[in-house]
Every structure is written in structure tokens, then in C-alpha cells.
2 protein chains.
Amino acid sequence: MNDALAGNAIRVERPTKTLRELALDKVRDAIVDGYFRPGDRLVERDLCARLGVSRTIVREVLRHLESEGLVANLPNKGPIVARLDLNEAKQIYEIRGALEGMAARLCAERNDSTVVAALEASLEGIRQSYAAKDMPAVLNHTSAFYQTLFTKVDRHVAWGVVSLLTVRINHLRSMTIKTRNRDVEGPAQMERIVEAIRKGDGEAAYTAALDHVARASVIAEAVLSAQQTGD
Amino acid sequence: MNDALAGNAIRVERPTKTLRELALDKVRDAIVDGYFRPGDRLVERDLCARLGVSRTIVREVLRHLESEGLVANLPNKGPIVARLDLNEAKQIYEIRGALEGMAARLCAERNDSTVVAALEASLEGIRQSYAAKDMPAVLNHTSAFYQTLFTKVDRHVAWGVVSLLTVRINHLRSMTIKTRNRDVEGPAQMERIVEAIRKGDGEAAYTAALDHVARASVIAEAVLSAQQTGD
DNA sequence: GGTTATATACTGGTACGCCATAATACGGCA
DNA sequence: TGCCGTATTATGGCGTACCAGTATATAACC
């Protein structure tokens, strides 16, 4: 979220991405996508070899991920992929509910037709992705939906918070959307949000957003406890 | 907050605190306490000398603070202390309102007398600190008040989010509490929160918490715009 | 005077080395 | 045989030196 400061004119396409940022994204994706499992040790020198960068970079990346909550540091042991416990996951869903509800209410009160259009577009993308069973695309469109909710009313900070928290429950998200009937239930709940925004009913939009997240939380809880008894 | 920057006498105890964590706290405090002003450049090798640590540590600390939002990185220029604009500050207050309102409601619904007792204790501390004109103590007790609100209902994640955001507006906080009549108004609003929690009235607690933050936001806005026209 | 060369200062990035600690393997001694 | 102290290894914590690229200030040159 630190782009959009460029202001460049005809500058040749030099990606100002530093090596560190590239490495950061790589490792984060590796964790989020499940390539590294929770509890896995992240050995510095090992990561250096795998990423092809120096230890300095790796250390900085690990520190960054640590402050994002994706990596935990055990004293005298070193960094591991953070474990997610049920309680923490529920808290994250709760916070998302509060913030997404807030954003939905603001959207409804703004009464801007482009908001509704953008949300509908994302929703349509979700439905199509469900139909095509393209689950990564479902997640992306869902994120886009919520991003619209926040950024259309200029709540970039809140969106940042939500994004930060969301990566920590990413693997839960990818499981909740696969549960039975979620392909119908999920979009229907989101449609309720859009409908309330279209009508300018802030309270209804708030409640609908809250409901949607609450439902996701319940599913996640079931998934997580099933997972824990499973292994 | 002890000795370290100039003195070397830390031989006896160092339980698990790494040098990096010490440096991190030092630099963060330096920013939060206004020793480094917004826009100040944070020259790596300069910080090395001041802190007495290597560039490795300084780089990791800067990266950490960057992800906390306290430090911004200009491409090819280097890190500076992040500037806080009015819009961002208002968003932070808004988020705090949503989360603190949520926590207050949960406290009210829990109906636990120890919560009320702890909140009253912090509130009394605030009043006494105001009477003694000890502004840092006011801030500390205020933080303790909110920490109680969150942790007594086991919302540690939300408290983490609020803490993270709060450091970014710390200098605003220290100015808002000094405004006229805030020594009476602030505690009175907080008392309303406590009162609602005591009665178990979740909705009232939510509203009271929201009002308190909203009022702080308005004051902060006035302070900030006055500051900007001032210089 | 204006343009250009140059010095300076800084970050981004890398390599390498040292030390401290924890775990593990090993070898000697009762 | 079994226990205990030590050597080894793995790894993180930390420091230093170095190179490259860039931006800014400064001096030199036409």
C-alpha cells in the first residue's frame, strides 16, 4: 500500500521494486499459499539459498513478516511460520465484521452509483469463478469486493488493517469458500450488502456485512476444529 | 526506558531481549516522543552511531517500523519519519471508535465486576494525573483504560491493532489531552462508558465509546489544522 | 555565466566472519 | 552398562567491509 506515490511522467518502466520487496512477496506468498506450513522453521541460511539473496535481505523480510503476524520468533530457536489458533481466527473475523460493517454503512450513506456498479462487478466475478470452480479467483474477487467497499469511501487505513489481518487467515478463507452451499450462500449474503447500499440503508448494509463475516467465522471454526481432530 | 544509549552497563540481565528489540524500542520511542520529527530523515549509518549498533540491526529496525507505519521509505532517498496527514488521522480515530465501541459492548454484555473495578482504577489515575498536570501519566492511564476494555474480554488481536494505530497518532494524543476543558470532559465521557458497562447496557457502552473517540477526533483535527497554518 | 566534471553522501545490496547458545553425538570413567 | 562431561554441529545474533547506483552539492572549465 505504499505505491501511488509515483507521480512519474514518461519514466521508462523501471520497476522500483527493491530486491527486498520481491523477496518479501515471495516468502509471504509461500506462507499464504501453504508452501510453508504453520510451525515450519524458517532457517535463515536455508532461505538465502532458496531465494538467491543475502542473509541481510532474508532477515529483514523475516522481521517484516513477523510484524505482520505471519512469522513468530521463538527465543533461542529462531523464526517459524506462525500458528493460527481458533481463538485468534475468531477475533480476526470479528474485527473484520466491525470494520467491513462500518465501510458498508459509509458506502450506503454516500449513495454513489459507481460503488454499486463496482461491487456488482466483483460479485459477478465471484459467481463466475464459482461456476468455473476457480477458487483462487473467488478469493481475488472477494478481496476486490471488500477493497471497493473501503477505498470507494477513502478508508485506506482500514483497508490496510483488514488486508493485514486477512493474510493471517488466508488458508481458512480458502477452505470456507469450498464448503457446501457456500457458492450460493456467500454471494447471496454479499448481494444483500449491495442491495442495502443501493437503497442507501446504512443500518441494513452494516448488518448485512456483519452477518456475512459472522457466517464465515462459524464455517471457519468448524473447518478448523475438524482439521485439528483430523490430524 | 532505562540506560543504554550512552552507557554500556547492561551486563547483569538480558533475559530474552535481543539487541534488535532494544534498538527497536529505542527508535520507536524516539519517534513517538517527538525526538525525531515527522519528515526527518533517518540515516542508517547515523543511527548506527547513535545507537551503538551495527547497520544490520538498524536496517531491520527501520523495516519493522516501516511496517508499523511509523517510517516511510522514499525510493532512492531512504527512510524518513512518516508524516501524518489529517485524513489519515481521522481514519485512525474512526477505526478506534469502531473497535473500542465493540470492546465496550462486549464488556457490558459480560457483566464482570472486575472489569468495572479496573476501569475505575484507570479513570481515577487519569483524574489524579490531570490534577498533577502529569501529561505522560494521563496518556499511560488512558492506554491502560482501553487495554482493560480489550483484554478483559480477551480481544488481544483488536488491542494489538489499536495499539499499532495509536502510536501513529501519539503526538496528536498528547496535544488533544492538553486542550481546554479536556481534563473534565475526557474523564466524564469515559465515566459514561464505565457506567454503561456497570449497567450491562451494551448499546450505551458502544455509543459512549464512539462518542469519546469522535470528540477526540474533532479536537485532533482542530489541533492539526492549527498546527499546519502555524508553520 | 552556464555547463560539465567531480566529490560527497546515502541507500540498496552482498559477502564474510565472529560469537553465543542449544542440541546432539561421542568418548571416557565409575 | 550407564552416566556425565566434552566436542561438534546447526543456527541465530551481530558486526564489518565492500561495491553499485543515485542524488545533491561543488568546483572547474569553456
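By convention in this document, chain letters (A, B, ...) are assigned in the order of the sequence lines, proteins followed by strands, and residues within each chain are numbered from 1.
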note: Arg55(B), atom CZ; dC10(C), atom P; distance rounded to Å ~ 12 Å
In whole Å, what is the span from the CD atom of Glu44(B) to the C1' atom of dT14(C)?
14 Å
Ignoring backbone atoms, test whether Arg63(B) places a side-chain nitrogen or oxygen under 4.0 Å from the OP1 or OP2 oxygen of dG12(C).
yes
Distance check needed: dG13(D) P versus Leu47(A) CG, whole Å only.
13 Å
Pairing of Arg28(A) and Asp25(A) as salt bridge, 4.0 angstrom limit:
yes
In terms of side-chain heavy atoms of Val53(A), which of dT14(C), dG15(D), dG12(D) is nearest?
dT14(C)
At under 4.0 Å, does any side-chain N or O of Ser54(A) touch on OP1 or OP2 of dT14(C)?
yes
When you check the phosphate oxygens OP1 and OP2 of dG12(D), does a side-chain N or O of Asn73(A) lie under 4.0 Å from one of them?
no
Checking only heavy atoms, does the side chain of Arg20(B) share a donor-acceptor pair with the base of dG13(D) at less than 3.5 Å?
no
Parallel, tilted or perpendicular, judged at 30° and 60°: which one describes the rings of Phe150(A) and Trp159(A)?
tilted
Separation of Leu22(A) atom CG from dG12(C) atom C1', in whole Å?
13 Å
Starting from C1' on dT11(D), measure out to CZ on Arg59(A) and report it in whole angstrom.
11 Å
Identified side-chain contact (heavy atoms from CB on, under 4.5 Å) partner of Val81(B) from the options Ile31(B), Val71(B), Leu70(B), Val27(B)
Ile31(B)
Check every strand shown and say whether Arg45(A) touches a base, only sugar-phosphate, or nothing at a heavy-atom separation below 4.0 Å.
base
Answer with yes or no whether the side chains of His212(B) and Tyr146(B) bring together a donor and an acceptor at under 3.5 Å.
yes
Closest-nucleotide ordering on DNA chain D, the 5'-leading residue of Thr56(A) and Lys77(A)
Lys77(A)
To the nearest Å, give me how far apart CD (Glu60(A)) and P (dT14(C)) are.
10 Å
For a quick test of reading the model: is some side-chain N or O of Thr18(B) closer than 4.0 Å to OP1 or OP2 of dG12(D)?
no
Using a cut-off of 4.0 Å on non-hydrogen atoms, how would the nucleic acid contact of Leu42(B) be classed: base, sugar-phosphate, or nothing?
sugar-phosphate
Rounded to whole Å, how long is the line connecting atom CG of Leu51(A) with atom P of dA15(C)?
13 Å
So does Glu66(A) pair up with Arg63(A), basic N to acidic O under 4.0 Å?
yes
In whole angstrom, what separates Leu19(A)'s CG from dC19(D)'s C1'?
15 Å
